[in-house]
Amino acid sequence: MDTKETLRILCSVDGNSGDEKLAAKLAADMLLKYGKVRIDNLGSVICEVAPKKNGRHVMLDAHLDQIALIVIGIEENGFLRTYPCGGIDRRGIFGTKVRAIGKDGEYIGIVCCVPPQLQDKNDKNPERDEIFIDLGFNKEETEKRIRLGDRVMLCGKWSDIGDGYVTAPALDDRAGCVTIIEALEILKDKELPCGLTAVFSTREETGGQGAGAAAFSVAPTEAIEIDVGFGKTPDTATVHTEMKKGPMIGFSAVLDTELTRKLVELAEKHEIPHQCEAMGGGSTGTNADDIAVAGAGVRTGLVSIPQQYMHSIIEKVSVDDVKNVGRLLAAFVLEGGEK
Amino acid sequence: MKTFLENLEMLSMAVGTSGDEGAVRKLIYDEVIAYPGCIAKTDNAGNLVVSKKGAKEPKNKIMFTANMDEIGFMITHIDEKGFLKFSGIGSIDSRVIIGKRVLVGKNSLPGLLGSKAIHLVKKDEFDNPTKTSDLYIDIGAESREEAEKLVSPGERAVFDSDFCEFGDGCVLGRALDNRAGCAALMELLKEEAEYDFTVCFTVRGEINGNGAPAAAFGVAPDIAVAVETAAAGDTPGIPGEKALCKQGKGPVLSFRDSGTLYDLELYHFVTELAEKENIPTQIRTGIFGSGAAEAIHKARGGIRPVSVSIPARYVHGPYASLKLSDAKSTVSLLKAMSKGLCEV
């Protein structure tokens with residue numbers, strides 16, 4: 001499988017939280033060859049790869065949605081007033097090119113900023129409800145095209161960078177989706193010792209509702225959540241996980257310790273580079289938190305792809321890290337149940 | 001011969017930060033040299049000086065100027081992990097650069113203006129803009145040695161932006177401040193002229209504008225018309241008294257800015273000329289901001305300064321926007337001025 005090309009294709013479609021339809025359709029098409037695919041009530045794509053048996057049933061989940069802005073008003077001068085739908089970084093939002101997805105088409109625009117000549121030194125970053133979009137239309141023309149609740153996507157660009165890295169918006173967490181496809185590709189001609197369901201869930205960036213609901217209906221015995229994690233940069237003294245050092249295996253109170261140790265053991269056995277991401281507190285900030293408590297509870301593990309510049313239009317991952325997460329997931333499905 | 005829009009796109013996509021305008025100069029030269037009656041040469045400062053031969057000799061010698069340079073970044077240091085430190089060329093605000101793509105060095109390598117993920121940002125860091133000195137450019141290198149093979153300190157970077165039309169007759173692009181002024185002056189050079197005049201495409205406008213006075217010294221005009229962009233203040237968050245001009249209301253005429261008291265007689269003359277020609281104009285309603293005229297009007301024994309600006313939004317960011325109708329009116333006004341000012 002051409003991992004990089006699959007990443008590029010999956011990152012090329014829009015899918016903001018609560019409005020993942022386009023991404024879901026593409027993902028569903030990609031999953032068809034691995035199993036029975038359905039889309040649930042919250043829009044998550046669920047692929048039953050191996051039917052549920054009496055014993056072990058594994059669910060692999062990555063989220064499909066990406067951050068964007070939602071239109072909350074149209075101003076007198078035709079500007080859109082927006083609010084983050086997902087964790088938009090207000091520090092660098094000014095001057096970003098955007099696409100407003102209207103009723104009958106999409107419209108190019110730009111996030112307004114105060115010209116530097118007019119900024120005083122004590123100026124702050126914009127508040128959440130102070131992110132305005134200039135579509136170049138007056139109020140009347142804007143109202144013909146844009147409805148409240150429409151989404152505004154931040155424009156970025158897919159490209160290779162350095163040796164084996166790629167950068168694009170939405171790599172959080174389409175890269176996670178690709179690790180699952182990578183694993184399914186490895187597993188496709190093998191006889192599985194357990195039931196297996198792959199889930200590409202919705203609404204992670206706004207609370208993880210999609211994964212919680214999917215975990216309830218799939219009702220697995222164990223689950224692995226795959227998300228992106230922090231790759232060290234010069235300004236992150238507290239981050240110890242690094243790019244190209246392989247899957248980040250998460251340790252947290254909400255995660256199942258035995259299962260987590262199994263992931264480490266399998267990574268070592270198969271010589272997959274890996275690193276530990278230890279998280280204090282009671283949660284991981286990922287879908288794992290919702291899956292672990294779904295239904296009667298699910299033994300859950302978390303594997304993350306190191307990523308730099310998360311929640312920006314320049315998100316960056318290593319293709320090798322994505323492949324190695326896929327290998328670890330496949331190993332877990334095949335051997336995770338062994339004592 | 002390219003259309004105005006084609007010239008604007010060509011110039012917007014060209015790379016040329018202050019002091020490194022060679023590529024832009026060459027594009028303008030190659031185009032204008034084919035225009036009627038144009039002789040172009042580059043002066044020692046790097047300005048492109050285009051003499052336009054008209055049908056008659058003018059009473060007043062007129063010079064039009066526009067800066068060709070743009071803001072950007074200069075690589076100052078490569079750290080041990082291969083990240084590039086930089087300083088701004090021209091006025092750069094961290095709030096428009098975090099998380100943007102840049103093109104680095106002579107080979108236009110993709111670069112990422114990185115900053116830690118939002119999840120790791122503390123509340124006070126959200127409320128107070130990040131210092132530019134805390135940011136860095138990531139070119140995907142994993143060590144200083146690897147980065148040094150690709151880029152050296154002193155090389156430049158610019159925003160990686162495309163050019164596009166949007167909305168109701170607007171365009172979005174990099175460096176429209178002040179390549180829009182350059183494109184307008186190229187239009188002026190396209191047609192047969194009634195009088196001789198000179199157009200200077202000047203360097204280093206974003207760093208104190210020391211290219212324009214050198215051009216003025218060399219050309220020695222009586223009147224200098226600085227064609228620039230003016231920051232439109234008709235966007236949310238700008239109080240009315242700080243709104244310098246508005247998009248869609250035509251070229252901006254100035255009687256004063258923070259650097260220059262413009263020639264009053266010529267200011268009134270141009271205002272009336274526009275009225276007579278039915279060209280919409282607006283008056284600059286704030287005195288803040290300054291332009292090339294500040295240095296030009298003090299050159300030699302003094303040069304009578306005139307300012308014509310195209311309203312533009314979001315200058316000094318990855319993209320500026322302007323309305324094509326404003327640019328078109330500016331070109332019409334400049335054409336009328338190229339005749340009228342010669343006869344004053």
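What you see is a predicted model; the values in this text were computed from it and never measured. Proteins get letters first, then strands, A, B, ... in listed order; numbering begins at 1 in each.
Against chain A, the residues from residues 140-151 of chain B that qualify, each with a non-hydrogen atom under 4.5 angstrom away, are B:Gly140, B:Glu142, B:Glu146 in number order. Within residues 108-120 of chain B, the residues having any heavy atom closer than 4.5 Å to a heavy atom of chain A are B:Pro110, B:Gly111, B:Leu112, B:Leu113, B:Gly114, B:Ser115, B:Lys116, B:Ala117, B:Ile118, B:His119, B:Leu120, listed by residue number.
The shortest distance between side-chain heavy atoms of A:Asp134 and B:Arg313 falls below 4.5 Å. When side chains are defined from C-beta on, B:Tyr136 counts as touching A:Asp235, because their heavy atoms get closer than 4.5 Å. Side-chain contact between A:Leu135 and B:Cys170: absent, with no pair of heavy atoms (C-beta onward) separated by less than 4.5 Å. The closest side-chain heavy-atom distance from B:Thr235 to A:Phe79 is below 4.5 Å. A heavy-atom distance below 4.5 Å is found between the side chains of B:Val121 and A:Arg91.
Contact of A:Tyr309 with chain B is made through backbone and side chain together, with heavy-atom distances under 4.5 Å. If you measure heavy-atom distances from A:Asn138 to chain B, you find no contacts under 4.5 Å at all. The part of B:Ser94 that comes within reach of chain A is its backbone (N, CA, C, O), which places non-hydrogen atoms under 4.5 angstrom from that chain. Residue contact with chain A, scored on non-hydrogen atoms closer than 4.5 Å, involves the side chain of B:Phe83 exclusively. Contacts of A:Lys316 with chain B are made by side-chain atoms alone, with heavy-atom separations under 4.5 Å and no backbone atom involved. Heavy-atom distances place no part of A:Ser318 under 4.5 Å from chain B, backbone and side chain included. When heavy atoms are compared at a cutoff of 4.5 Å, B:Arg101 approaches chain A by way of both its backbone and its side chain.
Between chain B and the options A:Gly164, A:Ser159, A:Gly78, A:Ser312, the largest number of non-hydrogen pairs under 4.5 Å is found for A:Ser159. Among B:Ile139, B:Asp134, B:Asp234, the residue making the largest number of heavy-atom pairs under 4.5 Å with chain A is B:Ile139. Heavy-atom pairs under 4.5 Å with chain A were tallied for B:Asp160, B:Ile97, B:Asp79; the largest tally goes to B:Asp160. No other option in A:Thr236, A:Thr233, A:Ile110 has as many heavy-atom pairs under 4.5 Å with chain B as A:Ile110. Interface remark: of the candidates A:Lys232, A:Glu127, A:Lys157, A:Arg81, A:Lys157 forms the most heavy-atom pairs closer than 4.5 Å to chain B. If you tally non-hydrogen atom pairs under 4.5 Å between each of A:Lys244, A:Gln308, A:Glu76, A:Glu130 and chain B, the highest count goes to A:Lys244.
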Q) So B:Asp138 and A:Tyr165, side chain to side chain donor-acceptor pair (under 3.5 Å) or not? Walk me through it. A) CA-CA 11 Å; B:Asp138 176 356; A:Tyr165 295 105; over 6 Å; no

Q: Could you go through the side chain to side chain contact (heavy atoms under 4.5 Å, CB included) check for B:Leu172 and A:Ile108 one step at a time?
A: CA-CA 9 Å; B:Leu172 209 53; A:Ile108 289 173; 3.8 Å; yes

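B:Lys85 NZ: more than 12 foreign heavy atoms inside a 6.0 Å radius.
For the pair A:Lys97 and B:Asp162, the salt-bridge criterion is met [side-chain N within less than 4.0 Å of a carboxylate O].
The shortest non-hydrogen separation linking A:Cys112 to B:Tyr314 is SG-OH, 3.2 Å.
In this structure, CG on A:Asp89 lies 8.0 Å from OG1 on B:Thr130, to the nearest 0.5 angstrom. Taking CZ of A:Phe94 as the start and CG of B:Asp93 as the end, the distance is 8.0 Å to the nearest 0.5 Å.
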